[in-house]
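Scroll down for the structure; my scribbles are underneath it.
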Amino acid sequence: MTQSVIVQVGQCGNQIGCCFWDLALREHASVNQKGIYDEAISSFFRNVDTRMVGDGGSISKGKICSLKARAVLIDMEEGVVNEILQGPLRDVFDSKQLITDISGSGNNWAVGHKVFGSLYQEQILEKLRKSAEHCDCLQCFFIIHSMGGGTGSGLGTFLLKVLEDEFPEVYRFVTSIYPSGEDDVITSPYNSILAMKELNEHADCVLPIDNQSLFDIISKIDLVVNSGKLGTAVKPKSLVTSSAGAFKKQQEKPFDAMNNIVANLLLNLTSSARFEGSLNMDLNEISMNLVPFPQLHYLVSSLTPLYTLADVNIPPRRLDQMFSDAFSKDHQLIQADPKHSLYLACALMVRGNVQISDLRRNIERLKPSLQFVSWNQEGWKTSLCSVPPVGHSHSLLALANNTCVKPTFLELRERFMRLYKKKAHLHHYLQIEGMEESCFTEAVSSLSALIQEYSQLDATKSMPMEDLPRLSVAV
Amino acid sequence: MSIVTVQLGQCGNQIGFEVFDALFSDSHCPQGLCSKRENEAYQASCKERFFSEEEHGVPIARAVLVDMEPKVINQTLSKAAQSGRWKYGQHSCFCQKQGSGNNWAYGYSVHGPRHEESIMNLIQKEVEKCDSLSGFFIIMSMAGGTGSGLGAFITRNLQDQYSNSLKMNHIIWPYGTGEVIVQNYNSILTLSHLYRSSDALLVHENDALHKICAKLMNIKQISFRDINQVLAHQLGSVFQPTYSEEGSSHYRRNPLGIDWQVRPPLSGAPTLGKMSANKNLHFNTSLANLVILRGKEVHSADLGGFKDPALYTSWLEPDNAFNMWKTQRAFNKYEKSAALVSNSQFLVKPLDMIVGKAWNMFASKAYIHQYTKFGIEEEDFLDSFTLLEQVVASYRNL
């Protein structure tokens with residue numbers, strides 16, 4: 001069994017991270033009734049005997065003593081991290097695994113990346129090494145951050161290079177929150193594009209998410225929950241956004257519901273690696289199957305169902321609806337429409353009481369309405385995990401490597417160009433040591449090259465499928 | 001004569017468990033529909049082949065379990081132990097912490113050499129427990145990383161180390177519409193490598209098994225457990241003791257001994273659970289067929305139809321190509337049952353399809369970087385393609 005380390009960077013990253021750990025504890029609590037520290041729980045948590053002083057005290061088996069999250073918390077402002085450390089989850093975090101500063105990055109990628117990067121490089125390395133040492137077999141670093149700000153965007157992507165150099169064998173999965181259209185940070189296009197270059201070059205896999213989509217999903221759920229239609233009582237704990245039963249007793253903050261969706265995403269992504277099932281899927285399989293070319297590693301995700309109806313008997317139609325929803329543009333976590341774009345590869349990760357025949361039936365049913373690239377017509381990767389998420393009897397996470405990410409990138413580039421043409425706010429960046437205009441132009445070309453690749457693939461969409469001539473051999 | 005089974009990867013281990021369970025259940029079935037002495041001889045033969053005896057314990061399967069991550073092996077061991085009727089050896093498994101990631105190259109080039117010694121030692125230990133070894137039965141899937149890549153590596157090692165023993169690889173052909181996106185690459189690499197070191201490839205297609213569950217057995221929600229149980233049932237009806245045609249007084253000594261005339265290519269296995277109806281074989285030319293009959297009236301069964309020259313390729317005599325084994329002892333309480341193991345053109349179409357899809361993907365170079373990362377170059381792919389095209393052509397020419 002392998003372990004993963006979560007690195008949460010910046011305000012957004014840490015807030016999401018907090019929701020993630022809360023949900024992870026809940027999930028393991030509901031599965032692990034006997035309180036024995038097993039391999040599943042060890043993937044995200046250490047078992048520590050807190051009576052021991054110093055760094056020792058890791059217990060590998062037996063009863064759970066005190067769980068410590070395998071996490072590194074980084075923020076250049078103290079507000080969010082302090083709140084976490086004073087909240088109900090304070091005991092879950094190892095106080096030595098934090099890096100904070102006071103001044104913040106001022107929504108400036110260059111400050112995050114260049115200034116704080118060099119300032120904290122040693123410390124960052126030290127904390128990462130420590131967390132790796134605590135792992136028996138470290139498989140993956142999950143980085144959670146936003147693209148539009150300064151710390152998450154700048155320092156978060158600085159980290160990627162460090163991780164690549166220091167731990168080349170360990171996967172780097174990045175969950176990136178992209179700025180929405182009406183983002184209130186004016187310089188978010190600059191920050192995002194500068195960060196994109198780093199993601200292109202140093203991440204193994206990126207899961208882009210945007211706030212607008214999360215918000216739309218929440219509106220949808222609210223609509224159903226509050227509609228009070230007869231016979232459609234929704235089980236309260238089953239909302240993909242819910243914090244019901246959470247350890248955090250304080251008042252729910254406005255972003256909590258949205259962050260919970262992302263937390264669910266991460267848990268579902270790793271469920272088949274942690275829990276048993278008839279067709280397991282480990283994290284290294286995600287990269288292997290969904291990344292046909294190294295630079296095309298952006299995966300669009302969708303989670304279904306968003307809620308479970310109180311109705312206990314789920315007829316197959318409901319199950320099939322779960323699969324259909326996974327491909328609808330309303331359920332994607334970024335503004336994208338995979339159905340009308342080209343699929344390079346698709347993964348379906350199912351949890352709960354679903355069997356291979358249900359999976360096959362739905363793939364057969366949905367295949368005709370989806371377009372796959374010519375060399376990957378049956379580009380499906382599937383997994384079945386027996387353990388459902390908390391509050392649901394089954395769930396589905398769909399990961400698509402699809403050209404529908406292109407519009408997001410195009411828009412980002414457009415917003416960037418609008419600012420850059422006027423050289424607006426550029427001086428804030430250029431005054432930082434190490435920053436030149438070439439950083440900007442290189443970043444834009446990197447993005448343009450990526451967009452170009454997607455466009456080329458899109459162009460093959462309507463071409464007729466030709467079977468290439470095979471090798472002819474003498475018998 | 002004993003068989004040592006090597007279960008590789010998630011698929012191999014899940015299936016292996018069902019196979020041993022089916023073999024055990026059948027051999028301990030009280031209603032053998034034959035004399036007590038007959039039943040005892042059957043049981044003893046089955047036990048010698050597949051299980052070893054501990055002093056005061058339950059029979060231990062003659063198996064080595066290999067996987068690169070622990071979840072499945074743990075499950076398999078506990079399922080066997082729970083049944084209380086048979087179990088796996090305590091030290092018969094080899095496990096690592098991180099899987100092969102569906103990457104054939106990783107299974108073959110990284111896990112293989114790294115763990116070669118440990119795994120071969122385990123196999124050696126199991127072999128030493130046998131009075132006489134008749135061969136190896138290696139269960140693996142083609143689509144994943146461990147079963148396929150590591151399986152190919154281990155088979156080559158077995159060829160080097162035990163060149164006189166028969167090696168039969170049991171291959172699971174994945175569903176046509178992907179379980180794994182790179183399954184076609186993994187499959188062609190596996191098949192081409194096994195071709196050079198295995199003696200026989202026994203194939204089960206997931207699609208075919210799925211259809212059996214759906215159409216013949218009417219299971220509504222088919223799980224992998226159902227599929228594996230059908231598979232185990234078919235294998236059991238082939239591997240359980242039988243008499244050869246000459247009707248000796250002892251059970252056939254070599255359960256894996258299949259006398260193929262030609263250098264063993266792929267052997268297809270559409271096996272039947274019930275009395276076989278007249279099969280429509282006009283389009284399917286065979287190299288060899290083996291029919292196994294169990295139960296009542298086996299001696300009076302007329303199998304002349306199987307000797308029809310039209311079934312076989314022109315350069316073979318039906319008498320040489322057809323074999324029949326039988327026993328009065330019923331299998332799994334079926335009054336009569338029959339199994340057919342066939343080396344024919346049956347698998348040409350699926351093989352051709354896999355090669356075609358892999359070729360299309362290869363032309364675009366998709367995913368190749370994942371393989372070259374671990375030492376499998378484009379050259380290796382081309383070699384595999386060439387070999388398999390030759391196989392397809394050879395079979396087509398029958």
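Note on naming: letters A, B, ... go to the chains in the order of the sequence lines (proteins, then strands), and numbering restarts at 1 for each one. As a basis for the values below, the full set of heavy atoms in this structure was taken, side chains included, without hydrogen atoms, waters or symmetry mates.
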Would you mind checking which part of B/Q75 comes under 4.5 Å of any heavy atom in chain A, side chain (CB onward), backbone (N, CA, C, O), both or neither? side chain
Turns out that what part of B/E69 lies under 4.5 Å from chain A's heavy atoms comes down to side chain
Give a yes/no verdict on a cation-pi contact between B/K365 and B/F362, requiring under 6.0 Å between NZ or CZ and the six-membered ring centre and an angle within 45° of the axis. yes
Okay, A/L344 and chain B: the region with an atom under 4.5 Å from a heavy atom over there is backbone
Whatever's closer than 4.5 Å to a heavy atom in chain A on B/D352 counts as both
Region of A/N289 that comes under 4.5 Å of a non-hydrogen atom in chain B: both
Give a yes or no on whether the ring-centroid distance for B/F381 and B/Y371 is below 6.0 angstrom. yes
Can you name the nearest heavy-atom pair linking A/N268 to A/S271, along with the distance? O-OG, 2.9 Å
Of B/Q10, B/R225, B/E179, the largest count of non-hydrogen pairs under 4.5 angstrom with chain A goes to B/Q10
Any salt bridge linking A/E27 with A/R351? Criterion: basic side-chain nitrogen under 4.0 Å from a carboxylate oxygen. yes
Please list every donor-acceptor pair under 3.5 Å in which a side-chain atom of residues 362-373 of chain A meets a protein atom from a residue at least two apart or in another chain.
| from | atom 1 | to | atom 2 | distance (Å) |
| --- | --- | --- | --- | --- |
| A/N362 | OD1 | A/R365 | NE | 3.2 |
| A/N362 | OD1 | A/R365 | NH2 | 2.8 |
| A/N362 | ND2 | A/D320 | OD1 | 3.0 |
| A/N362 | ND2 | A/D358 | O | 2.9 |
| A/E364 | OE2 | B/T177 | OG1 | 3.2 |
| A/R365 | NH1 | A/S324 | OG | 3.3 |
| A/R365 | NH2 | A/D320 | O | 3.0 |
| A/R365 | NH2 | A/S324 | OG | 3.0 |
| A/S369 | OG | A/L366 | O | 2.9 |

Near-ring test B/H111/B/Y106, centroid separation under 6.0 angstrom: yes
Heavy-atom distance under 4.5 Å to chain A: side chain of B/Q221, backbone, both or neither? both
Let's test your reading of the structure: which of B/K357, B/M361, B/E389 forms the most heavy-atom pairs below 4.5 Å with chain A? B/E389
Specify which of B/I227, B/V72, B/N206, B/V355 makes the most heavy-atom pairs with chain A at under 4.5 Å. B/V355
When the 4.5 angstrom heavy-atom criterion is applied to A/R360 and chain B, the contacting part is side chain
Non-neighbouring partners of B/N74 that pass side chain to side chain donor-acceptor pair (under 3.5 Å), sequence neighbours left out: none
